[in-house]
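I have placed the structure first, in the form of structure tokens, so that the comments after it can refer back to it.
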Amino acid sequence: IKIPHDEDGEKLKMYLRKVVDAHQNPTAINNVMFFAGHGYNSESWIARMDEKIELLHQFPQLKGADGSLDFLDHSFEVHTKFRLLSLLNSEKMDLALLHHHGGINAQYLNGMPNVSGVGQSIDNIRYYLRSKMESGLRSGKTEKEVIQYYGNWLDVPASWFKGALDKEQQTEDSLFNANLDIYPKDLVNFKTNVKFLMVDACFNGSFQKDDYMVANHVFNQGNIVAAQANSVNVIQDKFPDNMLGLLNNGIRVGEWNRFVCSLETHLIGDPTFRFQTNRELSYEQMQAMAGNASKLKQLIENGSADEQCWAMMHLYRLTGDAASDQLLKSFKASEYGLVRMEALKLLSLIVDDNFIEALKLGLHDSYELVRRTSALLCGRSGNPDLAPDLVAAYLWAGQSKRVNYQLVDAMGMFETNVLHEALVEYLASESGFWDKDDVLKETSALINKSSATTNRYRNELKNDSASIKDKKFALRAFRNSNYHPAIDELCNLMIKNDSEELTCLTLEVLAWFDHSYKKETILKTCQMLKEGNYSELIQSEAERTINRLNHVQWN
């Protein structure tokens with residue numbers, strides 16, 4: 001609870017009064033809304049469609065006439081800001097889930113209008129050129145120089161800059177731009193009445209700053225009690241709605257946050273707030289099962305989607321890797337995408353044969369988030385056995401831009417010859433393509449391109465004449481791009497090079513390969529460094545990498 005601009009404490013008093021009222025008069029969840037902003041999750045409509053399906057599994061009470069599930073996309077209007085604020089202001093709204101980009105003091109909702117008409121396209125370009133005139137003049141260029149530069153670059157006439165220095169036009173442009181997004185000034189006299197708000201965006205929860213976006217929601221005069229938000233950057237390809245349906249069981253929002261948060265995720269407001277229980281099984285009753293494997297397995301078989309997810313998580317916490325068979329069983333059998341997603345998430349902590357089998361199946365799953373996450377984890381695994389399914393998934397992934405994005409990224413983590421062989425074999429056995437020669441040519445080029453950057457870094461490390469600085473830059477790239485074909489070379493680099501600094505950095509980088517099918521090679525090398533005739537710093541870093549690889553993380 002950090003409230004900006006509250007020198008006299010009146011905002012805090014007002015906030016605590018509404019917290020008390022929310023605890024004394026709990027309400028059940030009957031109305032939920034979710035929003036998708038410009039550029040988020042590659043603006044995949046499949047992702048949004050599947051999210052709605054799973055939200056109705058999490059909140060089945062919304063299916064009838066008495067409840068509502070509202071969806072708002074940034075593309076519905078040039079300025080969706082006012083419709084979104086209206087929904088957040090509605091006193092009937094209980095829960096709001098916002099997926100968009102963000103800044104410390106901005107919720108980014110809309111980009112420039114996506115138009116198809118010639119006139120509208122020209123208007124967009126003119127708006128862009130007028131904005132460049134202003135920035136050009138600030139940088140010291142003359143009006144003539146700005147027009148000449150963009151005229152030569154974009155081949156546009158000087159007349160399209162008309163109005164760039166006109167005060168009335170500048171005011172109009174400024175208002176247009178301001179209405180694309182939400183800023184603190186928009187919330188000065190606003191009431192955010194939704195009880196709980198999840199803001200799936202970067203920086204909106206930056207409570208380390210003097211002012212931050214979500215504080216202007218939580219601590220205004222509306223009915224809102226708490227919000228989940230992020231203090232720094234946050235990844236897009238995560239599982240944001242994980243176990244959200246447990247709010248129906250009366251779980252406190254702080255307890256829910258413990259199951260789903262990452263380092264950058266925080267609760268702003270009252271973590272003890274909860275909605276009225278509207279399920280037969282209360283969260284208190286669920287907690288009593290947490291240490292009983294038999295009861296947890298019963299709940300996995302018979303519970304609601306989120307109750308099954310919760311039970312699988314606790315079964316894994318209770319039994320560790322021994323839960324693997326049960327997790328794979330649930331992944332194969334469950335009708336709920338949420339349950340399959342949770343099973344995949346937990347199997348990714350075990351990294352055994354069941355994990356690889358789940359990935360193969362997951363690449364073709366009906367739930368977009370499972371397909372997307374499977375693609376991401378394929379790249380983190382690099383197991384050659386995944387190559388045929390990875391290639392097949394890519395060739396049929398046109399319906400989801402975000403899945404396609406992750407598939408291409410994952411292919412860059414494999415040996416190209418393994419992917420090429422899988423491609424040729426798949427096309428030979430598949431009859432569903434109009435022109436196999438074109439498909440083969442285009443996909444082969446993509447496979448080569450996908451690993452071009454990682455190969456360049458790989459060659460940099462092999463180059464004896466490269467500087468330590470250049471090698472350090474190349475090494476750091478492998479933290480987020482787990483290029484598995486380079487693992488043997490990275491291990492040899494640690495053993496043979498004379499630079500303590502380079503060895504320690506390589507050890508730190510290899511700690512990020514926790515899902516790799518070559519993890520045992522890394523562990524064996526680390527053990528040699530830990531026990532061999534190396535400096536205390538190298539031995540310490542080797543031990544850290546061993547510990548990190550033996551405690552796989554979900555991300």
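Residue numbers start at 1 and run along the sequence shown.
- Salt-bridge formation is detected for the pair E342/K345: a Lys NZ or Arg NE/NH1/NH2 atom is positioned less than 4.0 Å from an Asp or Glu carboxylate oxygen.
- Remark: R130 fails to qualify as a cation-pi partner of Y127 under the 6.0 Å distance and 45° angle criteria applied to the six-membered ring.
- Judged purely by atom type and a 3.5 angstrom limit, W256 uses its side chain to pair as donor or acceptor with the backbone of N242.
- Q406 approaches A375 most closely through the heavy-atom pair CB-CB, 3.8 Å.
- More than 12 heavy-atom neighbours from other residues, nucleotides or ligands sit within 6.0 angstrom of NZ on K11.
- Judged by distance alone, the side chain of K81 and the main-chain N or O of A178 form a donor-acceptor pair under 3.5 Å.
- Taking a 6.0 Å sphere around CG of N189, one finds it holds 12 or fewer heavy atoms contributed by other residues, nucleotides or ligands.
- Side-chain atoms of S444 do not come within 3.5 Å of backbone N or O of K441 as any donor-acceptor pair.
- Applying the salt bridge (charged side-chain N to carboxylate O under 4.0 Å, His left out) rule to E508 yields the partners R479; only residues at least two apart in sequence or on another chain are considered.
- Taking 4.5 Å as the limit, some side-chain heavy atom of N41 sits within range of a side-chain heavy atom of D237.
- A donor and an acceptor atom, one from each side chain of H23 and D270, are located under 3.5 Å apart.
- From N216, atom CG reaches atom CZ of F190 across 11.5 Å, with rounding to the nearest 0.5 Å.
- Remark: E91 pairs with no residue by the salt bridge (charged side-chain N to carboxylate O under 4.0 Å, His left out) rule, at least two apart or across chains.
- Counting heavy atoms of neighbouring residues, nucleotides and ligands inside a 6.0 Å radius, atom NZ of K436 exceeds 12 of them.
- Ring-plane geometry between Y483 and F478 is classed as parallel, the angle between the planes falling under 30 degrees on a 0 to 90 degree scale with a further cut at 60.
- A donor-acceptor contact shorter than 3.5 Å is absent between the side chain of K191 and the backbone of N89.
- Among residues two or more places apart in sequence or in another chain, the salt bridge (charged side-chain N to carboxylate O under 4.0 Å, His left out) test is passed with R126 by none.
- Summarising the local packing, CG of D21 is surrounded by more than 12 heavy atoms from other residues, nucleotides or ligands at distances under 6.0 Å.
- Looking at heavy atoms from C-beta onward, N233 lies out of side-chain contact with E264 at the 4.5 angstrom threshold.
- Minimum heavy-atom separation, L390 to M411: CD2-CG, 3.7 Å.
- Judged purely by distance below 3.5 Å, without hydrogens or angles, the side chains of R340 and S366 pair a donor atom with an acceptor atom.
- Put simply, the side chain of S400 reaches to within 4.5 Å of the side chain of R371, judged on heavy atoms.
- L109 approaches L180 most closely through the heavy-atom pair CB-O, 3.3 Å.
- Between D66 and Q61 there is no side-chain heavy-atom pair separated by less than 4.5 Å.
- In this structure, D73 does not pair ionically with R48, as no charged nitrogen and carboxylate oxygen lie closer than 4.0 Å.
- Contact check on R380 versus D514 returns a salt bridge, with a Lys/Arg side-chain nitrogen under 4.0 Å from an Asp/Glu carboxylate oxygen.
- In this structure, E460 has no salt bridge (charged side-chain N to carboxylate O under 4.0 Å, His left out) partners at least two apart in sequence or on a different chain.
- V260 places none of its side-chain heavy atoms less than 4.5 Å from the side chain of L244.
- Looking only at side-chain heavy atoms (C-beta outward), L344 and D365 stay at 4.5 Å or farther from each other.
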Which donor-acceptor pairs under 3.5 Å do the side chains of residues 94-105 make with protein atoms, sequence neighbours left out?
unit_1: D94; atom_1: OD2; unit_2: N30; atom_2: N; d: 2.8
unit_1: D94; atom_1: OD2; unit_2: N31; atom_2: N; d: 2.9
unit_1: H99; atom_1: ND1; unit_2: D200; atom_2: OD2; d: 2.9
unit_1: H99; atom_1: NE2; unit_2: E51; atom_2: OE1; d: 3.4
unit_1: H99; atom_1: NE2; unit_2: E51; atom_2: OE2; d: 2.7
unit_1: H100; atom_1: NE2; unit_2: Q107; atom_2: NE2; d: 3.4
unit_1: H101; atom_1: NE2; unit_2: G39; atom_2: O; d: 3.3

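- Residues D470 and S467 have side chains that bring a donor and an acceptor to within less than 3.5 angstrom of each other.
- In summary, the side chains of D306 and Q58 do present a donor paired with an acceptor at a separation below 3.5 Å, with no hydrogens or angles considered.
- Judged by distance alone, the side chains of S174 and T171 never bring a donor and an acceptor atom under 3.5 Å apart.
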Give every donor-acceptor pair under 3.5 Å between a side-chain atom in residues 143-165 and any protein atom, sequence neighbours left out.
unit_1: E145; atom_1: OE1; unit_2: T142; atom_2: N; d: 2.9
unit_1: E145; atom_1: OE1; unit_2: T142; atom_2: OG1; d: 3.4
unit_1: N152; atom_1: ND2; unit_2: Q148; atom_2: O; d: 3.1

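- A donor-acceptor pair under 3.5 Å links the side-chain atoms of N124 to the main chain of P113, judged by distance alone.
- When each of T192, N193, T27 is tested with N223 by the rule side chain to side chain donor-acceptor pair (under 3.5 Å), just one qualifies, namely N193.
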